[in-house]
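Presented below is the structure to which this report refers.
Just so it is clear: chains get the letters A, B, ... in the order the sequence lines come, proteins before strands, and each one is counted from 1. From a predicted model like this one, the values you see are computed outputs, not experimental measurements.
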2 protein chains.
Amino acid sequence: MAEFGKTLYNTVMEKRFYSYNDIHRTVKILADKVMASPLKPEFMIAIGGGGFIPARILRTYLDIPIFTVNIVLYEGKQTGEKGPQITQWLDKPDELLENRRVLIVDEVDDSGATVAFCKEHLSQHNPSEIGLAVLHRKNKPKKVELPQLVEHYFCGEELGDEWICYPWDALDIDNRN
Amino acid sequence: MAEFGKTLYNTVMEKRFYSYNDIHRTVKILADKVMASPLKPEFMIAIGGGGFIPARILRTYLDIPIFTVNIVLYEGKQTGEKGPQITQWLDKPDELLENRRVLIVDEVDDSGATVAFCKEHLSQHNPSEIGLAVLHRKNKPKKVELPQLVEHYFCGEELGDEWICYPWDALDIDNRN
């Protein structure tokens, strides 16, 4: 029990709570950065579930269509390590992506693994340029350094390695803790 | 100008503003209704873009996966009338839907046309049951009466024929009007 308690103590991270209006304001900052860049994306690819809400708010500013892919983290049976796996992909990827300027949207740049996996799969269909917009970037050791992976990298806010509490995960939106 | 002014005046509807926390509370009501029903959905189909935010919040309560389809309203070249058109569909619809219990998610039951169109296309892949969850239902003359179209109908809140202002459409979230 002592060891268990110690482990728990060591892994406690500070929680950072965001309200929906905080998120909306961060999306506006993100939208301004995208609009000021030479990417000029023709549409978004939201990575679900985290990218759905940022992408929908971003559409208010960018006024471009949203397409979606769904990727989950599954625990590998052999390794026990969690890795990304596609649960839904684009229905007509070649038709959509060939020679187009694309903006991937996700909530957070954490380890970088999910976005890197998504970018690799999108690249097979030859988009002309790929950008990435995330609400938050955690400054921590990464599996993949996303700013080096995509041609255009946009981030709303940089954080330390904190425990981000998004409003959409709240069971009681009026009493979060 | 007088005629123009008159027309404008006649088409002005009362605006009803919802905050994000209002929406989150309505999703909780909706989730309680879904959980109390015999549908027991295995996953959601969110209709984009309106269904993305409700579906993502709903997932916090229902804890089932989200799949997405994108449907837009296009103006017909011949008729000039707006009709729904699929821009993204499920990548493996038979595999996903056959004999499964499905919950369609959208933001509003307005004319009913988009959801009816979506339901018709989903039905071709033989799900065992189809439910529909919407944040809001407008009580007004309908193209399609959705409660009669789906086996399970869930609505967070009923309204008159009002102009709903969702928070995600705000350019300035702190000063909406």
Checklist outcome for this item: Honestly, the part of B:Ala170 sitting under 4.5 Å from a heavy atom of chain A is both

Item to check | B:Asn70 versus chain A, the contacting section by heavy-atom distance below 4.5 Å | outcome: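 Only the side chain of B:Asn70 comes within 4.5 Å of chain A.
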
Checklist entry - If you round to the nearest 0.5 Å, how far is SG of A:Cys165 from CH2 of A:Trp163? => result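 It comes to 6.0 Å.
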
Item to check | From B:Arg16 atom CZ to B:Leu159 atom CG, the distance as rounded to the nearest 0.5 Å | outcome: 5.0 Å

Checklist outcome for this item: From the list B:Asp172, B:Val72, B:Ile57, the residue making the most non-hydrogen contacts under 4.5 Å with chain A is B:Ile57

Item to check | chain A contacts, top residue of B:Val69, B:Thr87, B:Leu171 (heavy-atom pairs, under 4.5 Å) | outcome: B:Leu171

Item to check | Donor-acceptor contact below 3.5 Å, side chain A:Glu151 vs main chain A:Ile130 | outcome: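 Present.
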
Checklist entry - Would you say B:Glu162's side chain and B:Met13's backbone share a donor-acceptor pair under 3.5 angstrom? => result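 Not a single qualifying donor-acceptor pair exists.
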
Next on the checklist: Give the interface residues of residues 22-40 of chain B toward chain A, defined by a heavy-atom separation under 4.5 Å.
Outcome noted: B:His24, B:Arg25, B:Lys28

Checklist outcome for this item: Among residues 90-120 of chain B, residues within the sub-4.5 Å heavy-atom range of chain A, in order of number, are B:Leu90, B:Asp91

Next on the checklist: Any heavy-atom pair between the side chains of A:Arg137 and A:Lys142 that's under 4.5 Å?
Outcome noted: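 In contact.
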
Checklist entry - Quick one: does A:Lys15's side chain get under 4.5 Å of A:Arg176's, heavy atoms only? => result no

Checklist entry - Around A:Lys82, counting heavy atoms of other residues, nucleotides and ligands shown, do more than 12 lie under 6.0 Å from its NZ? => result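 Atom NZ in A:Lys82 is not packed in, count stays at 12 or less.
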
Checklist entry - Take atom CD in B:Glu75; do more than 12 heavy atoms of anything else shown fall under 6.0 Å from it? => result yes

Checklist entry - Do the rings of B:His121 and B:Trp89 sit parallel, tilted or perpendicular, given the 30° and 60° boundaries? => result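 Ring orientation, 0 to 90° scale: perpendicular.
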
Item to check | Parallel, tilted or perpendicular, as decided by the 30° and 60° cut-offs, for the rings of A:Tyr18 and A:His136 | outcome: parallel

Item to check | Modelled atom types, side-chain donor and acceptor of B:Glu145 and B:Tyr153, under 3.5 Å | outcome: no

Next on the checklist: Which heavy atom of B:Tyr20 sits nearest to which heavy atom of B:Trp168, and what is that distance?
Outcome noted: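 It is OH-CA, 3.3 Å.
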
Next on the checklist: Between A:Pro167 and chain B, with a heavy-atom cut-off of 4.5 Å, which part of the residue counts as in contact: side chain, backbone, both or neither?
Outcome noted: backbone

